[in-house]
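Just so it is clear, the structure is predicted and the values come from calculations on it, not from any experiment. Atoms within each ligand, like the ligands themselves, are counted from 1 in listed order.
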Amino acid sequence: MFNQMEPVKIIGAGLAGCEAALQLAKNGIPVRLFEMRPETKTAAHRTGDVAELVCSNSLKSDQGENAHGLLKAELRCYGSALLGCARQARIPGGKALVVDRQRFSAEVQFTLDDAGIEVVREEIREIPDKLVIVASGPLTSPELAESLTGLLGAKRLSFYDAIAPIIAADSIDMNVVFAASRYGVGRDYLNCPLTRKQYDRLVNELLEAELHPMKDFEKSSLFEPCLPVEEMARRGRETLAFGPMKPVGLTLPETGKRPFAVVQLRRENTEGTMFNLVGFQTRLKHGEQKRVFRMIPGLEHAEFLRYGSMHRNTYLDGPELLLPTLQTKVRSDLFIAGQLAGVEGYVESIAAGLVAGINAARIAKTQKPIEFPEPTMIGGLLKYITTPNQNFQPMNANFGLLPLLNKRVRGRAKRNLMAEMALDAARKFRRNLAV
Ligand SMILES: Cc1cc2nc3c(=O)[nH]c(=O)nc-3n(C[C@H](O)[C@H](O)[C@H](O)COP(=O)(O)OP(=O)(O)OC[C@H]3O[C@@H](n4cnc5c(N)ncnc54)[C@H](O)[C@@H]3O)c2cc1C
């Protein structure tokens, strides 16, 4: 245990770093918050502002029965400062929490000033000693990334996301897919079988579908082992059939014959509530992913828990390196927060900042760090990013992270019930948070 009177150092005044700083300040712990911008730039930020939203100005849904709505409700319950700033900067945006980005940054700056937190404009190149939170984000500066690599191991830091979509297990048509691993070695995968005609149609649609535009700095980082599925289709009509969709070692249970092609679905979590479309990393727009991938036999009603994406992203191998408290395993006074910890998205990054801030405050006050309860969205996310997983990739908030219900309910009623139970658990847990 530590008896920390000197300031906790936080690297990065982005979403996670500012939330962590304000949680520490709320607990009376002094903070030094370091930010390298505007002097040292990143490839995506445009200003020197704190908590800059680098792309969209939407913090996604604010509806209770939506996974992002639930995440916000939990953050509100735990007293998230940045969510308060977002409400102050809100502009009309339907069911989503949409903000005026300049006003949002100004609100965060004002709240930091009010809490007596100075933003020190300096690039940190080495991980400091003593209590520190690294919240340097997906565009962590190269020298700091190197220092992290030295401390945590070279293979433990990734610089690129090639994410395949994840769908809800109970939205897969089990009458169509069959469970089998290639060459009869186990039944670990679900296989969606395609005829030649269905395959051709899928390839046509992949070639025609609308894509997310690539930022200049992302073009150079597209690398061969993780090509997007539509790019593979573009290289030749049969490429997919000889690549991720090859049917070798697989036969249809009814006929014993080999299908023309298969889409394999791999279990994403221990509970088996989420499945990943193997090799289907993609830059298709979200609506297009829904439209095109629902043409795959067995996925006609697929519920997308996470859409595929491809972009620059620095993140740690959380399952190997992190505890659910967001401390690193190698140094209990070193916390990782935000997107670097392996969560994906603005609000998820704020949540990881809140957890790291609360736990760093507990350590500073010689209290034990606390694990957030699993049946909540934040607890589920932390469990996911710290549970052994050979194929670990960053994760966003979704209902597949919550425990299974013990009764059969579907659709909106299911999500409402899950959200209610999660929020109930969060409210009970809040009592333990008083440090
Ligand atoms: C191009 C891009 C677009 C994205 N668009 C979206 C989107 O539209 N919606 C969404 O939900 N998510 C999006 N994300 C994902 C993610 O939610 C955001 O990147 C989010 O800002 C992450 O929060 P963070 O606090 O972890 O990092 P950031 O908000 O990036 O904050 C990290 C801060 O650390 C600073 N820093 C880095 N290295 C150092 C150093 N060595 N010393 C001092 N300071 C340092 C940076 O300048 C930055 O201010 C996007 C990510 C990228 C890369």
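Looking at ligand 1, you'll find an N or O of Ser141 within less than 3.5 Å of one of its N or O atoms. Between Leu15 and ligand 1, a contact under 3.5 Å exists for at least one N or O pair. Between Ile124 and ligand 1, a contact under 3.5 Å exists for at least one N or O pair.
For ligand 1 and Leu144, the ligand atoms under 4.0 Å from any heavy atom of the residue are 41 (N). Near Ser56, meaning under 4.0 Å from any of its heavy atoms, are these atoms of ligand 1: 8 (O). Shown in contact with Gly338 at under 4.0 Å from a heavy atom are these atoms of ligand 1, numbered in order with element: 26 (O). Taking every non-hydrogen atom of Ile11 and a distance limit under 4.0 Å, the qualifying atoms of ligand 1 come out as 40 (C), 42 (N), 43 (C). Of all atoms in ligand 1, numbered sequentially from 1 with element shown, those under 4.0 Å from a heavy atom of Ala16 are 25 (O).
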Pairs of donor and acceptor atoms involving the side chains of residues 339-350, under 3.5 Å and at least two apart or interchain, shall be tabulated with distances.
unit_1, atom_1, unit_2, atom_2, d
Gln339, OE1, Gly345, N, 3.1
Glu344, OE2, His311, NE2, 3.1
Tyr346, OH, Cys55, N, 2.9
Tyr346, OH, Ser56, N, 3.2
Tyr346, OH, Ser56, O, 2.8
Glu348, OE2, His68, NE2, 2.8
Glu348, OE2, Ala397, N, 2.8
Ser349, OG, Gly345, O, 2.7

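At a threshold of 4.5 Å between non-hydrogen side-chain atoms, the residues Glu371 and Leu382 do not count as touching.
Applying the ring pair (Phe, Tyr, Trp, His ring centres under 6.0 Å) test to residues at least two apart or on different chains, the pairs with a partner in residues 352-379 are Tyr78-Phe372, Phe372-Phe429.
Between Lys60 and ligand 1 there is a heavy-atom distance shorter than 4.0 Å. The closest approach between a heavy atom of Thr42 and any atom of ligand 1 is below 4.0 Å. At least one heavy atom of Glu122 sits less than 4.0 Å from an atom of ligand 1.
Ion pairing of Glu65 with Arg412 is present here, as a side-chain N (NZ or NE/NH1/NH2) and a carboxylate O approach within less than 4.0 Å.
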